[in-house]
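All figures in this text were calculated on a predicted structure; none of them were measured in a lab. All ligand and atom numbering here is 1-based and tracks the order in the structure.
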Amino acid sequence: MRRRLFEDLHEDFRASFRTFLEREVVGEQGRYGEWERAGIVPREVFALAGRGGFLAMAAPERYGGVGAEDFRLNLVIGEEAQRAGVGSFGLGITLHNDICLPYFLIYCDERQRERWLPGIVSGELITAIAMTEPGMGSDLASMSTRARRDGDEYVVDGAKTFITNGINADLVITAVKTGTGGHENRHRDVSLVVIERGMEGFERGRNLEKVGQHAQDTAELSFSQGRVPIANLLGEEGEGFRYLVSNLPQERLSIAASAVAAAEAALEWTLHYVRERHAFGQPIGSFQASRFTLAELRGEVDIARAFIDRCVEALNAGELTPEDAASAKWWCTELQGRVADRCLQLFGGYGYMLEYPIARAWADARVTRIYGGANEIMKEIVGRSLGL
Ligand SMILES: Cc1cc2nc3c(=O)[nH]c(=O)nc-3n(C[C@H](O)[C@H](O)[C@H](O)COP(=O)(O)OP(=O)(O)OC[C@H]3O[C@@H](n4cnc5c(N)ncnc54)[C@H](O)[C@@H]3O)c2cc1C
């Protein structure tokens with residue numbers, strides 16, 4: 001089905017991002033396999049992406065951006081990265097652009113913008129967001145990392161875990177408790193502070209070993225009497241939970257869109273493979289069982305794509321609801337898992353070999369049902385919106 005979402009400028013952007021991936025990431029010079037083994041993407045990749053215009057496209061021109069508040073550009077990056085078999089979250093760029101950037105654009109004051117946005121656009125400053133703690137993930141308001149005021153600083157104590165870009169990050173948007181629990185509404189105790197590389201009392205723990213998404217650094221962070229200037233508070237004290245909730249629809253749409261792009265890429269690799277591979281004297285794709293499988297997947301991916309395109313339009317128009325984003329996230333990530341699994345089966349034993357992108361895609365897919373809010377929580381959001 002012909003897509004009506006994109007204009008010429010998006011296709012030009014797609015072509016240049018594709019060239020960037022080919023040149024720097026997956027082509028002959030590309031070192032993605034090396035980064036997967038190392039468990040981290042080198043920082044220079046962010047700087048190269050910045051130079052190519054692929055970071056923080058929504059940042060205003062006075063900070064070095066192009067002021068393009070158009071999520072279709074982010075979508076293009078996600079689609080092309082999946083097509084290239086590296087996964088958009090695999091490079092850390094999508095987290096930087098889709099998930100962290102909005103906090104800097106919306107909640108920073110002018111001095112903070114001047115300090116941070118040029119580096120975020122150029123890739124010299126890599127961002128992360130730290131909400132999850134060893135003792136809690138889904139129940140965010142029960143976090144225990146605390147920031148106590150001391151003069152013009154906060155003193156931060158606590159620990160975060162599973163933080164994407166956790167090793168590379170220079171700026172970590174950190175959710176902390178600044179309240180004392182006296183509010184009727186416990187959400188009012190949460191604030192967001194930006195913790196910078198090198199700040200006293202801030203340490204990084206292990207780069208965690210994961211089932212998939214191996215090139216993505218995912219780390220533990222700890223704060224012990226960490227000293228953070230009050231000038232690093234984002235927005236107002238006590239409003240952090242509200243800021244998180246208002247940015248989560250974009251985060252969830254980003255994950256959902258990447259999931260559909262991953263499913264589409266898996267399907268394309270599989271269609272190619274089943275035409276080439278023969279068994280019992282015929283291409284394996286010509287068995288009715290294979291044809292039915294692939295016909296089902298084609299339909300599911302196309303239907304998901306149409307919903308995602310509609311959600312992107314809604315986001316650009318400022319109309320994407322938390323429920324729609326939650327529906328997109330749970331349904332599309334489950335689709336991604338299903339497609340990766342059924343496609344892998346069609347590759348037979350080769351599907352289990354990591355040198356085949358389908359194997360990596362299968363392992364990379366598993367976490368998308370968990371991060372960005374576990375899918376059970378997504379269904380809670382949708383269920384509550386039904387008045388249940
Ligand atoms: C690779 C990776 C990258 C990540 N990146 C980041 C990051 O950059 N920043 C960050 O802050 N976090 C990050 N996370 C954390 C992620 O968001 C959490 O793992 C996720 O929100 C789930 O929290 P949890 O692991 O504590 O699980 P739990 O909250 O302990 O949940 C365990 C299970 O219980 C279920 N459950 C919990 N509550 C309910 C309920 N009310 N109803 C029904 N079922 C429920 C969950 O759905 C889940 O199946 C990342 C995680 C991974 C694995």
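- Electrostatic pairing of K210 and D364 does not count as a salt bridge here, judged by no charged N lying under 4.0 Å from a carboxylate O.
- The pair E80-R83 meets the salt-bridge criterion, since a charged nitrogen lies less than 4.0 angstrom from a carboxylate oxygen.
- The only option from T127, N165, I120 that meets the side chain to side chain contact (heavy atoms under 4.5 Å, CB included) definition with F46 turns out to be N165.
- Between the side chains of S144 and E133, at least one donor N or O lies within less than 3.5 Å of an accepting N or O.
- In this structure, F347 has its ring center no closer than 6.0 Å to that of Y352.
- Protein residues are said to neighbour a ligand when one of their heavy atoms lies under 4.0 Å from it; for ligand 1 these are I129, A130, M131, T132, M136, G137, S138, F162, I163, T164, K210, V367, I370, Y371, G372, A374, E376, I377.
- Qualifying salt bridge (charged side-chain N to carboxylate O under 4.0 Å, His left out) partners for R252, counting only residues two or more places apart in sequence or in other chains: none.
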